[in-house]
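Each chain gets a letter, A, B and so on, in the order the sequences are listed, and its residues count up from 1.
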There are 2 protein chains.
Amino acid sequence: MDTKPAARISDSAICDGIKTRIHRGGYAPGQRLIEVDLAEEFSVGRGRIREIFKTLVGEGYLEFIKNRGVYVRRFTRAEILEMGRVREVLEGLAARLAAETELTVEQRALLRALQNRMDEAEASNDVDRYNSENFQYHAAICAIANNRHVEQSLARVRLPLYRLQLPRSFSSDSMASSNRDHQVITSSILAGKPDAAEAAMRAHVHAGNQHVARLAEEHFR
Amino acid sequence: MDTKPAARISDSAICDGIKTRIHRGGYAPGQRLIEVDLAEEFSVGRGRIREIFKTLVGEGYLEFIKNRGVYVRRFTRAEILEMGRVREVLEGLAARLAAETELTVEQRALLRALQNRMDEAEASNDVDRYNSENFQYHAAICAIANNRHVEQSLARVRLPLYRLQLPRSFSSDSMASSNRDHQVITSSILAGKPDAAEAAMRAHVHAGNQHVARLAEEHFR
DNA sequence: CTGGACCAGATCGTCGACAATTTTGTTGAC
DNA sequence: GTCAACAAAATTGTCGACGATCTGGTCCAG
């Protein structure tokens, strides 16, 4: 029993692999994914890949066209703006729930640490780092909110953001403004003020959406 | 070409069939669905049923457990309350978007007609009819909001409501209170007041959630 | 040169067969 | 009667094969 025949790969591992590539840009928006290619790559049958595709379609990553296969989902500008409005209220709710929570010392420390890191990134004008910390910050608030359905619904409407994670996504100005929002949100949550936290978060996401609305058309194809 | 061999049933038709049964109670929450049974019933292969299951899992109707099959999704009280909070903000957003819309005459007429019907149901104390009109009313607002992602996200968090669609779901008192909310929402949308419409809708759904929170534990198993 | 008809290759759709796993049923000891 | 161990049945997991559909290229008429 020394040479196990390469332990069978799990469905979720394959799912994660595909998601990661989409996030990282290995698969481009609109790209067609060929069943047999992935089947060979992961050394599984085509049927399993097919089922995994259906799952990923359900999560909003892929688009399915009958008899034509699946494509990495591509969002139009109008669609991204529609999702943006949903994101406003959901991120707002997450902030509210976080502010309603009796925070643990670890949670308080985490929020402060993330805010510090964003402040540093802003001070050193490091847009990439700010962007990355920004994602973690929103994820942390979502985790503190502790509502699986908020998290799940948010995940869907956040999908287009990964694609817009370009260096140009934040200018120096917009980064400063974004971080001012964050500071208000952070302190509102730490102070346990749900109304303030939600309002600040909604305004914050709304501003981000207007930024998207002003982007040139070429960003969306 | 006289005897077509029973035109092949489409995936979406099968999906709808299963969904309908879940809504109508033909399949009970927690019930296990056997692949081969459905395959035979619809005269298709098991693989297709399997893929359809994955799709329905993605939409929140079914739950999948490896090596054990799929079950009609069952929600705990805590989960329903979590979903309720999401519903608050999403229904609120739908009302806001509807109020932001330049309504057509048809849309105005539809809203008024639905409100009238609910008023009638309330006046005649017809809980079942009120319940049914209530669903249509919320659907109509969602349609006017005209945001596919609001609709999609809402569909998920509305799922537990179908199950609670019992006659006892509204008492005479709560029906009156619910319809007062509706009247405020309706007039706010007709008057084009987004803030008022959203606030009223949020309060309305919030009240409904508190009603759920007070239900006895037996309703959730 | 343009466009439509046709053909060949690539890819998807569906099914049935067999293996793996879980569930159910039975037996027997205590 | 209760429980464990085992055996049988039911159900799910996986794959490969075959037909159906789509894609892209070629050829020929105009």
message = ring-ring contact (aromatic ring centres under 6.0 Å, His included), that's the test. Do A/Y61 and A/H23 meet it? Break it down for me.
response = CA-CA 10 Å; A/Y61 284 87; A/H23 285 151; 5.5 Å; yes

ask   = Taking C-beta and beyond as the side chain, do B/D11 and A/K54 meet within less than 4.5 Å on heavy atoms?
value = yes

Pair A/E82-B/H149, side chain to side chain donor-acceptor pair (under 3.5 Å): steps then yes or no = CA-CA 7 Å; A/E82 280 194 0; B/H149 292 278; 4.6 Å; no

ask   = Quick check, are the ring centers of B/H138 and B/H204 under 6.0 angstrom apart?
value = yes

inquiry  = Could you tell me how far apart B/I9 (CD1) and C/dT14 (P) are, to the nearest whole angstrom?
reply    = 11 Å

task = Indicate whether the side chain of A/Q115 and that of A/H182 have a donor and an acceptor atom separated by less than 3.5 Å.
result = no

task = Report yes if the side chains of B/E63 and B/V57 come closer than 4.5 Å at any heavy-atom pair, otherwise no.
result = no

request  = Supply the atom-to-atom distance B/M83 CE to B/N209 CG, rounded to the nearest 0.5 angstrom.
outcome  = 11.5 Å

Sort me out a list of protein N/O and nucleotides 16-19 of chain C N/O pairs below 3.5 Å, or just none if empty.
none

message = Quick one, A/V205 and A/L90 - any side-chain contact, counting heavy atoms below 4.5 Å?
response = no

task = Check whether the ring centres of B/Y71 and B/F64 lie less than 6.0 Å apart, and answer yes or no.
result = no

task = Starting from P on C/dC12, measure out to CZ on A/F64 and report it in whole angstrom.
result = 9 Å

note = From OH of A/Y71 across to P of C/dC12 the rounded distance in Å is 8 Å

task = Verify the contact: side-chain N or O of B/R68 to OP1 or OP2 of C/dT22, cut-off strictly under 4.0 Å; return yes or no.
result = no

request  = Tell me which nucleotide among D/dC15, C/dC15, D/dT21 gets nearest to the side chain of A/N67.
outcome  = D/dT21

query = Looking at C/dT14, D/dT14, C/dC12, which one has an atom nearest to any side-chain atom of A/D11?
reply = D/dT14

inquiry  = Would you say that B/R202 contacts B/E91 through its side chain, given a criterion of any heavy-atom pair below 4.5 Å between the two side chains?
reply    = no

inquiry  = Between A/L38 and A/I14, is there a side-chain heavy-atom distance shorter than 4.5 Å?
reply    = no

message = Short of 4.0 Å, heavy atom to strand atom, which residues of residues 51-63 of chain B count as contacting DNA chain C?
response = none

query = Taking atom C1' of C/dT14 as reference, at what distance in whole Å does atom CZ of B/F42 sit?
reply = 17 Å

task = Check each residue of residues 30-41 of chain B for a non-hydrogen atom within less than 4.0 Å of any atom in DNA chain D, then write out the ones that pass by number, or none.
result = B/R32, B/L33, B/I34, B/E35

